[in-house]
Protein chains: 2
Amino acid sequence: MAMPSTDPPVRYEDVAAAAEALAGVAVRTPLLESPALNERAGGRLFLKAEPLQITGSFKFRGAYNHISRLDQDTRAAGVIAYSSGNHAQGVAAAAYYCDTPALIVMPEDAPAVKQQGTAAWGAEIVTYDRNGSEPREAIAARLAEERGLHTVRPYDDRLIMAGQGTVGLEIVQQLAALELKPDRVLVPCGGGGLTAGVATAVRHHHADTSVHTVEPIGFDDTARSLAHDERQGVAGGSDSFCDALLAPEPGQLTFRVNRSLCADGLAVTDAEVAVAMAAAFAHLKVVAEPGGAVALAAALAGKVDLGGVTVIVLSGGNVDPAQFAGIL
Amino acid sequence: MAMPSTDPPVRYEDVAAAAEALAGVAVRTPLLESPALNERAGGRLFLKAEPLQITGSFKFRGAYNHISRLDQDTRAAGVIAYSSGNHAQGVAAAAYYCDTPALIVMPEDAPAVKQQGTAAWGAEIVTYDRNGSEPREAIAARLAEERGLHTVRPYDDRLIMAGQGTVGLEIVQQLAALELKPDRVLVPCGGGGLTAGVATAVRHHHADTSVHTVEPIGFDDTARSLAHDERQGVAGGSDSFCDALLAPEPGQLTFRVNRSLCADGLAVTDAEVAVAMAAAFAHLKVVAEPGGAVALAAALAGKVDLGGVTVIVLSGGNVDPAQFAGIL
């Protein structure tokens, strides 16, 4: 396949600049290790705890990196985003910190905790039917046009990927403090922005480290796209409770990064995810949402060799209490 | 009341030395802020997230600071501790890292998660009846004598208080990075070791900061002792689900520190604690156990003025899944 451009959509320098923008604003989340999980896994696991990030997921990083760089007039006019919930909250919070109005387009069946979290930051919310005829991108484009708003895309954007990449930069730094380097990094993958950023940061420092995407089975479009070396959509007819990872296909930009930096993708069942959520509760005391726990699920289900040092990104923790209680 | 000695039982220098001993071993837990909690509280709240510490509570800090300083022969013979569960796990883990055998005396009704957590570190466990005739101190003293073990007391010990004090030192450092200082610090209090250490560290840097103990109502022996300026035991006949905070009276050494450094003590109901546990889940994505959530409970229940900057220690997260699910 011919590449549309040879420019990489995100560079290491972009991630380093994002780290500067986020210093003192985003939480430097801890990299946690649990001997009980290590024993279960048969190797050393380090968990990057992004549920502790502002808004309960990594999405704040990219959103703030993007919105904080907008010019005054654009900020004053406001921003718009479409999201099942975590990007929504990330944009709402970043807009709040940047004194910018935010309009968020969310599916009407998004978890209540995510809708409430978005509204709590003062954002206006417009809901849509996930099975309706007008795609969310079209709804957002129409509203952006009508109201003169700047669109903050969820993943196919250099500043967003760079912001999410600070997760990877922190992983490298936190392991270096222990005089370790990662043999592999497992990253929950929806549209691929977190993976692209993390892979860019980690492989800049450690070219031998393998980066694996992890997706719900049935929504493993990135895994299949990596296997075929071209973008493929989800099969359709699938269902998963990993509401954060239901993107219909890999991003154009994110896939250009990920096809060049990632090893093969992994996929997990909802049952494996539930086991991982309970393990994060028991051994890390961290609340992980379904989509945030897929990488831990892949590790605990033995979907990849775990010799040496494995870093697992727990990407978010926005889960309704009743659902979480049911899983425990 | 005449003081038995004018030597302070723990000094700032002891805390600073503990921080060196723990560097790279203990987790430097994050200091989390949630705008939603701030809004509820009407002030800025910073939550020190010790559930993310090794063993799921702050107790690892003191235990490691103590055991890592024992001489080779003492370590080889082994250590013993009595504890309802968090000190048990802290000692078991510290002993594991120091290659030392550990025997733990636990009440037979300690939460399963705490018994399992202790056993997972390779410690031997002896259980006792909390309502039996022989006090746990006596059981431990007898076993220590029989087996030639070194006793690691849960709070009335300089190295233990100093280790717990690193929580306070980190709070000071983490706030300084935001160019803030605490107006008050709320600390869950059982025997008083965490409070003594935190008060020593925080008030060394900020003499004007008030440090408040927080206890379950009915087990507010430290609050009453502070009010009367002498040690008083629990009233008896009380019950609370805060299993980590049921110490019958303040420690001798800890109270000598706390009477000179602490403001008045606060007390909370189990219902107020349940609200705090749910709030930590929803807004911080941190699992807090009942005893670990009392300080947040006091803040959310309005038991103290919250103007300016309030630091709240979430001291532990070792709670059985069924109990946690019930509270959610």
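So you know, we letter chains A, B, ... as the sequences are listed, proteins then strands, and number each from 1. We use all heavy atoms of the structure for the numbers below, so side chains are in, but hydrogens, waters and symmetry mates are not.
Highest contact tally toward chain B, considering only A/Pro51, A/Gly117, A/Gly24, A/Ala177, is held by A/Pro51 [criterion: heavy-atom pairs under 4.5 Å]. When each of A/Asn318, A/Thr29, A/Ile327 is checked for heavy-atom pairs under 4.5 Å with chain B, A/Asn318 comes out on top. Annotation: maximal heavy-atom pairing with chain B below 4.5 Å, among A/Phe324, A/Tyr96, A/Phe281, occurs at A/Phe281. The candidate from A/Leu328, A/Val286, A/Leu32 with the greatest count of non-hydrogen atom pairs under 4.5 Å with chain B is A/Leu328. The candidate with the highest count of non-hydrogen atom pairs below 4.5 Å against chain A, out of B/Ala282, B/Pro35, B/Gly316, is B/Pro35.
Looking at B/Leu178, the atoms closer than 4.5 Å to chain A (heavy atoms on both sides) all sit in the side chain, from C-beta outward. Only the side chain of B/Val27 comes within contact range of chain A, with heavy atoms under 4.5 Å apart. For B/Pro30, the part sitting under 4.5 Å from any heavy atom of chain A is the side chain, from C-beta outward, and nothing else.
A/Arg44 is listed as a side-chain neighbour of A/Leu180, based on a closest heavy-atom distance under 4.5 Å. The closest side-chain heavy-atom distance from B/Leu284 to A/Val287 is not below 4.5 Å.
Separating the CD atom in A/Gln323 from the CE atom in A/Met277 is a distance of 6.0 Å, to the nearest 0.5 Å. Distance check: A/Gln164 CD to A/Thr166 OG1 gives 7.5 Å after rounding to the nearest 0.5 Å.
By the 30° and 60° cut-offs, the orientation of the rings of B/Tyr97 relative to B/Trp121 is tilted.
Side-chain atoms of A/Ser315 and A/Glu50 form no donor-acceptor pair, as typed in the model, at a separation below 3.5 Å.
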